[in-house]
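Residues: numbered from 1 along the sequence shown.
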Amino acid sequence: MPDRRRRTTGILAMGCAVAVVLTTGTGAAYAADNVPPEQARISDLLTGTGACATGEAETYFSEPPVLSAVLHDSEADNQPSEDNLVQAEFEAWWTDPSGTEQRLTYTPFTTGMSGFRQVWRMPDEVPANTVVSWHVRADDGSATSAWSSENGGAACRFVYDDTPPEPAVITSPDYSEEGWQDGVGVYGTFVLDSPSADVVSYRYQFTGESPQYVSPAETGGPATVRRLPTKAGPTTLSVSAVDRAGHGSRETSYTIAVQAGRAPTARWTLADPAGSGSAAAVSGADARVGAGVTFGGPAPTLTSLTSTAHLDGGGHGFLTPDAPVVDDGGTFAVSGWARPGRTDRAMTIVSQDAGTRAAFALGLNGGDSAPTWSFTVGGAHVTGGAPETGEWAHLLGVYDAETGLAHLYVNGTETGTPVTATPAEGTGSFQIGRAKGPVGYRNRWDGDLGEIQVHDRVVVPAEATALAHRTPQPRGYWALETAADGASPGQNGGAPLRLSPTGAELYTTPADDPCGLDPDCVPVEPALIGHGHLHLDGETGWAATDVPVVDTGDSFTVSTVVRLADAVPAHPMTVLSLAGEGADALQLRYDPAPHAWQLVVPGSGAGESTVMASYRAMPDNPTRLAVVYDDQADTITLYVDGTAAGAPAHSADGLHGEGPLQVGRSRTAESWGDYLHGDIDEIEVYAGALPGSLTALLGHGNGPLA
């Protein structure tokens with residue numbers, strides 16, 4: 001095996017000669033009985049972690065890079081004694097400021113197996129901001145290959161850049177740093193521009209968001225960021241320019257103060273007095289009213305609306321300002337409360353004429369298939385949700401001209417998949433309750449409408465939720481601190497909770513400590529919350545209102561605090577139930593078999609029940625339970641100590657029952673059972689679905705949330 005010696009590294013002022021046995025036509029040396037190693041392939045060379053840049057190209061680095069190559073010795077030279085060992089010879093060169101070529105060479109201390117990568121970490125004397133070329137060849141101890149730059153190969157090139165770019169300058173034609181700016185839902189342009197000519201990207205970040213990158217059209221040029229503000233208040237844009245070597249500049253900041261989204265350009269509450277000949281506009285122009293429109297209809301509960309308009313679905317059931325309210329091709333949003341009188345055909349809430357068709361239409365699709373809510377822009381449709389006859393829903397259609405997407409929101413939640421759309425050309429009159437078609441108006445609304453709004457901007461998701469919000473209202477609150485004549489009073493004149501003649505008693509914590517200083521005295525157990533709670537014996541004890549406290553056919557929330565007396569109850573025990581037709585519409589109970597709190601509703605067959613949610617827990621501590629039913633979403637959720645017991649369960653048929661509230665027992669057919677053995681406190685009932693985040697605030701003795 002020939003002796004292998006490490007070649008020295010240094011800047012070469014002159015060459016050196018070695019004796020060879022034979023030479024090839026390219027000058028590569030080899031011994032008579034040795035096959036020379038192969039010339040390194042360009043594809044096997046790396047500068048840093050990137051490919052070899054050749055020709056006029058070069059790769060930029062923020063520090064001297066590591067050069068590497070995979071070298072191969074011929075398999076024909078695989079002798080047992082040498083095992084195809086091969087050693088790299090690297091060479092790099094550049095031209096210094098005086099015009100003199102400088103070179104560095106490097107040979108690793110050890111040889112490597114054929115096919116393995118060998119590396120050279122470039123020394124600090126590599127000049128900055130200078131194009132450096134390099135190549136490599138293989139040495140098997142007896143012969144060397146051609147340089148990787150010879151025989152049709154090429155030299156690799158890189159630049160070590162030690163200078164970070166200048167900071168970026170931020171400007172905006174839409175959002176200045178002076179004063180409050182318009183606003184949520186309105187796009188703005190931000191221009192990022194560094195004086196440095198080698199900037200290839202900008203790292204930018206808005207307050208509270210993840211960093212992003214944007215590249216200029218040309219190296220060293222400016223880049224543009226488009227921004228849609230989604231919340232009011234101050235926000236800061238922080239930017240760092242990044243050059244070809246990966247250097248980041250000092251950060252530049254640009255702070256703006258964003259106003260709340262501007263008011264609708266057109267709005268009609270449709271809460272006009274009965275007999276009105278026009279719909280008064282809160283903004284925009286009054287709307288002419290057809291003979292098929294009647295004011296004074298019912299309003300969606302738990303909203304600020306006092307009344308709505310009823311449209312009879314006929315040829316005169318419409319309203320129109322006889323003018324357009326949406327700019328053709330621009331961004332817009334249309335919304336309103338709607339209660340369909342039928343769902344078996346297509347019906348329109350709002351639209352705008354465009355020649356012989358509608359530029360857009362918000363409404364519902366009906367017919368042979370299941371009905372859905374729909375937002376149509378041009379020929380594109382986004383659909384979702386399930387309209388129900390006689391049920392209120394809030395609809396919002398948003399067309400974002402910036403993205404070209406149409407969005408549909410139902411009851412404040414985006415529904416369906418946004419679609420790419422282009423509004424039909426031509427701007428005609430805005431319509432409420434009908435849409436233009438080839439042979440006149442069609443898809444007339446049959447039902448009630450209220451609070452129609454038109455925006456000339458994007459209505460962002462948080463605003464969509466606010467538009468559809470129905471504020472829950474307290475319908476019953478029992479602190480269970482006192483009782484008189486066998487009943488515990490409800491707060492603010494609410495229905496009293498009547499206690500059963502036996503097995504139910506109101507426990508009150510004694511005002512004075514009966515133990516005093518007696519060390520052998522067993523302390524009195526305090527009430528669950530406050531000074532008192534209801535204790536039930538598990539056999540005959542219960543409590544109930546004499547009248548319904550909530551309509552289970554609409555959204556509602558019920559909650560309580562419970563402590564079971566038995567660590568392992570002998571049978572399921574009901575905490576709360578709401579009576580329905582012939583059976584309970586809802587049961588909240590503890591089932592000892594799975595050791596779980598459960599939410600139970602009627603099943604599909606007579607006498608059957610369905611467990612909608614289950615939460616495993618041992619009942620050794622007071623537990624706060626809440627049930628939230630969202631009729632608009634047809635979902636029901638169990639919360640245990642403020643935590644949801646799984647995802648909201650869907651109840652497509654809804655809940656039906658307006659019976660009294662039952663505490664500590666449940667009903668199947670004509671019998672009562674599943675009596676609770678334990679303590680109950682802080683019962684709260686709300687009309688409307690409380691947000692899940694608020695359920696953790698229930699049951700702390702502070703009274704109703706609203």
Quiz item: Going through the distances and angles, do R457 and E463 end up as a salt bridge (charged side-chain N to carboxylate O under 4.0 Å, His left out)?
Solution: CA-CA 12 Å; R457 60 178 179 85; E463 294 176 308; 2.9 Å; yes

Quiz item: Roughly how far, to the nearest 0.5 Å, is the OG1 atom of T545 from the CH2 atom of W478?
Solution: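 So the gap between those two atoms works out to 6.0 Å.
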
Practice problem: Could you go through the salt bridge (charged side-chain N to carboxylate O under 4.0 Å, His left out) check for R227 and E209 one step at a time? | Solution: CA-CA 12 Å; R227 169 73 171 178; E209 299 180 7; 2.9 Å; yes

Quiz item: Are the aromatic rings of F375 and Y409 close, with centres under 6.0 Å apart?
Solution: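 Ring centres of Y409 and F375 not closer than 6.0 Å.
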
Quiz item: Is the distance between the ring centroids of W268 and F430 under 6.0 Å?
Solution: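 Yes, the ring of W268 comes within the 6.0 Å limit of the ring of F430, centre to centre.
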
Self-check item: Non-hydrogen atoms of A309 and V293 that approach each other most closely
Solution: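 Distance-wise, the nearest heavy atoms are CB-CG1, 4.1 Å.
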
Quiz item: Which atoms form the tightest heavy-atom contact between S351 and A358, and what is the distance?
Solution: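 That closest heavy-atom pairing would be CB-CB, 4.3 Å.
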
For the residue pair [Y] / [X], report whether a side-chain donor-acceptor contact shorter than 3.5 Å exists.
X: Y629; Y: D554; value: no
X: D641; Y: Y615; value: no
X: T189; Y: R226; value: yes

Exercise. Give the ring-plane orientation class for Y399 versus F332, where under 30° counts as parallel, over 60° as perpendicular and anything between as tilted.
Key: tilted

Quiz item: So W337 and W392, would you call those rings parallel, tilted or perpendicular, with 30° and 60° as cut-offs?
Solution: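 Ring orientation, 0 to 90° scale: perpendicular.
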
